[in-house]
Structure formats: structure tokens, C-alpha cells
Protein chains: 2
Amino acid sequence: MTLLSRKADYALLILSYLHQNTGGGNARTVADKFGLSPSFVANILKELAHHGFVAGHRGVKGGYALARPADTITLAELLESIESGFRLTMCNPSLPDQHHEQCSLAGACTLKGPLTVVHNRLLEVLRAVTLAELFDPNGSLSQPSALLSLSLLPATTTTTCRSEPATVTQA
Amino acid sequence: MTLLSRKADYALLILSYLHQNTGGGNARTVADKFGLSPSFVANILKELAHHGFVAGHRGVKGGYALARPADTITLAELLESIESGFRLTMCNPSLPDQHHEQCSLAGACTLKGPLTVVHNRLLEVLRAVTLAELFDPNGSLSQPSALLSLSLLPATTTTTCRSEPATVTQA
DNA sequence: CGAAATAGCACTTGTCAGATACGATTACCA
DNA sequence: TGGTAATCGTATCTGACAAGTGCTATTTCG
Ligand code: FES
Ligand code: FES
């Protein structure tokens with residue numbers, strides 16, 4: 001299975017382009033840049049604009065530009081918008097407020113709680129990544145050796161790690 | 001999007017049943033237990049047996065039982081088998097050895113490296129969860145406050161715990 | 001031998017991502 | 001004031017794959 005759909009993947013690419021070219025660009029320019037279908041790029045940009053990530057300006061000199069700084073957008077937030085809600089399983093809704101009991105096994109299922117914890121752990125990883133980090137070619141995410149440094153990290157205990165209960169306060 | 005397909009979700013349920021009933025059980029019993037289609041359960045068990053998670057015994061007194069202790073199976077391993085390879089994007093294969101350059105943007109794409117790092121972080125979370133933890137009703141995963149336990153895991157995830165709470169501000 | 005169970009495969013069906021298209025609206029410019 | 005170039009909104013089509021069913025062969029026990 002693939003976590004990011006192709007649409008979300010291209011959305012990241014497009015946002016990366018708009019991030020580097022601060023002047024922004026129109027759909028055709030972006031599509032030409034990446035060799036994609038102009039209609040497809042236009043649709044993705046429309047969806048991004050609808051969710052408030054980019055701002056579109058119409059007219060002959062219009063185009064798209066980032067509506068918010070890239071370091072204020074987390075990967076989790078983008079995926080929650082582009083993909084239709086990030087869930088671990090069918091029975092674990094990401095939004096805890098709407099608890100539609102569509103699963104017939106909800107009573108006998110003992111995995112619901114533990115799976116929710118795993119889901120929150122994954123969400124924490126996505127929340128810790130901002131688009132600015134993702135787009136920075138010299139950032140901490142660009143070193144492939146960062147994976148190895150996982151095991152040989154100095155024993156600096158992450159004392160300041162606030163363990164939030166990970167409650168997505170969705171209005 | 002949903003990380004675990006319904007098949008994987010039911011596979012976890014079935015494995016949980018086989019874990020609690022050490023004597024094992026046949027497909028019909030399990031299907032009856034959860035109110036699922038016997039054929040569907042049988043197919044899932046067949047696939048689990050094919051991947052070596054459960055051992056099937058034919059004959060009139062046959063059935064399935066866990067082939068390996070539950071604490072030696074990680075959630076990542078199960079998903080890698082049931083689902084067909086856990087990838088973050090289309091262009092980030094989970095297996096680094098086969099580097100088929102199917103993506104036409106592989107040259108111009110600057111996100112490949114950072115996304116791989118994120119992918120590995122997510123994989124670490126899944127690798128840190130064993131089925132035994134998942135099935136234990138009194139385990140660390142059953143407490144909603146188990147997010148604390150991230151810090152006492154063997155230095156896998158949360159390489160740099162970001163102090164920013166990453167508040168999701170809905171516009 | 002016959003019943004009961006797994007093993008393996010072929011098949012149908014339903015859903016949704018992926019992708020395209022078109023008209024409406026807006027803004028710039030001559 | 002008209003024309004053009006862009007976004008905006010929506011509607012639609014299609015292919016791939018998940019979801020689910022069924023059947024036959026094989027094995028084991030009584
Ligand atoms: S399988 Fe639906 S609640 Fe666990
Ligand atoms: S989009 Fe294919 S390599 Fe980045």
C-alpha cells in the first residue's frame with residue numbers, strides 16, 4: 001500500500017516549486033516544469049487553493065503563490081486535507097467526535113484502543129515534519145545518513161519532549 | 001486514506017483470536033466468532049499461512065495456530081506481507097535494492113531524499129509495535145496515555161523531538 | 001471409504017484514485 | 001470596451017485494485 005497518493009505526491013512537488021519561486025507561477029508553467037498534464041496540475045492547485053494552502057489570483061497576470069509560510073504547514077495537515085482523512089483502519093476514525101458505529105465488530109473488537117495509539121504515534125511523526133524542512137535541500141531531512149544516526153544518537157534524553165495527547169481539535 | 005486495508009484489519013483480529021486461544025481454531029469457528037463470511041476468513045488465513053504467520057493443519061481435526069510467538073511479529077512485518085509493500089509515495093520503494101526508475105521526475109525531484117527519511121521514521125514506529133503488545137489488553141498500548149512510552153522505546157523514533165506543538169489551526 | 005478441514009486458484013463485483021474536459025468568472029491590457 | 005489569459009467550480013469518464021465468493025484438489029482422522 002502507498003501512504004501518499006500520487007495526487008498528494010504531486011501536490012508536494014508543486015508546493016515545493018511555489019516555495020522556491022517566491023513569485024509563484026501559474027498552472028501551465030508548473031505543469032511544463034515537471035512534464036505533467038496541465039489539467040491535472042490545475043486540479044491539484046485548485047484543491048490546494050480550496051484548502052487554503054495556496055492563494056490563486058485570476059486574470060492575465062494571475063497565478064498561484066503560497067498562502068502560508070512553508071514552515072507553518074505540517075505534513076500531517078497537508079495529508080489530512082489532500083487525502084480524505086488519515087486513518088489507520090476503517091474502524092478508527094481520525095476525528096474522534098463523529099463515532100459512527102458502522103463496524104459490526106465494535107463490541108467484540110479488542111484492537112480498537114491499541115490501534116488508536118499506533119495511529120497517534122504515526123500522526124506525531126507526520127506532525128513533526130513541516131514543509132519547510134521537506135523543501136530544504138540542506139535540512140536535517142536531506143541527509144541520508146540521518147537514518148544511521150538514529151542508532152548512534154548521543155544519549156541526550158529528550159527531556160523537553162512534551163507528550164501531547166495528540167488531540168486534533170478539528171472545528 | 002486508510003493505512004490498513006480491511007483485509008489487514010481482519011487479519012489482526014484473526015491473529016488476536018489465535019493468540020488468545022492457544023489451541024487454535026479452524027476457519028469456520030473464527031468466522032462464526034466474528035460474524036464474517038467463512039470464505040473471506042478462510043482466504044485471509046490461507047494468506048497468513050502462506051507468509052508463515054500461522055500454521056495450518058489439514059484433516060478432520062485440523063485448524064490454524066500461530067506459527068510464531070506473537071512477540072516476535074512486528075506490525076511492520078505483518079503489513080509488509082499482507083499489504084503489498086509499505087511505501088510512502090509511488091517513487092519511494094520500500095526495498096532500496098530494486099531502484100527501478102519508473103518515475104520520470106526522478107531527476108528533477110528534490111523531495112525523494114527527505115521523503116525517504118520520513119518514510120523510515122514511520123516504518124520505525126510500525127517496527128516498534130509487536131503483535132503481543134497489540135493483543136495485550138493490559139499492555140502499554142491500551143492506555144490512552146501511552147504516548148509517553150515513546151520516550152522509553154529503544155531510541156527508534158522521535159529523533160529530534162520538536163518543541164513546537166504543531167498546532168493545527170483550522171482557518 | 002467418507003467426512004472435515006486446509007491449499008490453491010479463478011472469478012465476479014464494487015469502489016475510488018487518476019485523469020480529463022468544459023463552461024463560468026475574473027482581471028489585465030490595448 | 002472588447003479580447004485574452006488565467007483561475008474557479010464542477011461534472012464525467014476510465015482503469016486498477018481491493019473486496020468478496022466459489023470451486024476443486026489434497027490431506028488427515030475415524
Ligand atoms: S475491527 Fe471494527 S472496531 Fe475493530
Ligand atoms: S515524484 Fe517521483 S521521484 Fe519525486
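Throughout, a chain's letter reflects where its sequence line sits, starting with A, and its residues are numbered from 1. If you're wondering where the values come from, they're calculated on a predicted model, not measured in any experiment.
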What is the distance from [atom1] of [X] to [atom2] of [N], rounded to the nearest Å?
X	N	atom1	atom2	answer
A:E47	D:dT7	CD	P	16 Å
B:D9	D:dG20	CG	C1'	16 Å
A:L48	D:dG9	CG	P	13 Å
A:D32	D:dA6	CG	C1'	16 Å
A:L45	C:dA19	CG	P	15 Å
A:F40	D:dC13	CZ	C1'	15 Å
B:K7	C:dT15	NZ	P	18 Å
B:I82	D:dC17	CD1	P	18 Å

> Counting just side-chain N and O atoms, does A:Y64 come under 4.0 Å of either OP1 or OP2 of D:dC8?
Replying inline: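 Indeed, a polar side-chain atom of A:Y64 lies that close.
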> Any side-chain N or O of B:R6 less than 4.0 Å from the OP1 or OP2 oxygen of D:dG20?
Replying inline: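 Yes, within the criterion.
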Closest to side chain of [X], choosing from [options]:
X	options	result
B:S5	D:dA18, D:dT7, C:dA19	D:dA18
B:N26	C:dA19, C:dA5, D:dT7	C:dA5
B:K61	D:dA19, C:dT6, D:dG30	D:dG30
B:S37	C:dA5, D:dT21, D:dT10	D:dT21

Would you mind classifying the nucleic acid contact of [X] as base, sugar-phosphate or nothing, using non-hydrogen atoms under 4.0 angstrom?
X	answer
B:A49	sugar-phosphate
A:A27	sugar-phosphate
A:K46	base
A:H57	sugar-phosphate

>> For a 4.5 angstrom cut-off between non-hydrogen side-chain atoms, does A:P114 reach B:E133?
In response: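 Sidechains of B:E133 and A:P114: no contact.
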> Does atom CZ of B:R68 have more than 12 heavy-atom neighbours from other groups under 6.0 Å away?
Replying inline: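 Yes, enclosed.
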> Do the rings of B:F40 and B:Y10 sit parallel, tilted or perpendicular, given the 30° and 60° boundaries?
Replying inline: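 Aromatic pair B:F40/B:Y10 classed perpendicular.
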>> Tell me if the side-chain of B:N43 makes a donor-acceptor pair with the base of D:dT21, cut-off 3.5 Å, by modelled atom types.
In response: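 Such a pair exists between side chain and base.
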> Closer to the 5' end of DNA chain C via nearest nucleotide, is it A:G59 or B:G62?
Replying inline: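 Whichever sits nearer the 5' end wins; that is B:G62.
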>> Quick one about B:T29 and B:D32 (side-chain donor to acceptor, distance below 3.5 Å, no hydrogens or angles considered), yes or no?
In response: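 No, because no side-chain N or O of B:D32 sits under 3.5 Å from a partner of the opposite role on B:T29.
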> Between A:G25 and B:S39, who's closer to the 5' end of DNA chain D by nearest nucleotide?
Replying inline: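 Result: A:G25.
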> When you check the gap from the basic side-chain N to the acidic O, do B:E124 and B:R121 get nearer than 4.0 Å?
Replying inline: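 No, B:E124 and B:R121 are not salt-bridged.
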> To the nearest 0.5 Å, what is the distance between CG (B:L12) and CG (B:L75)?
Replying inline: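 Rounded to the nearest 0.5 Å, the CG-CG separation comes to 6.0 Å.
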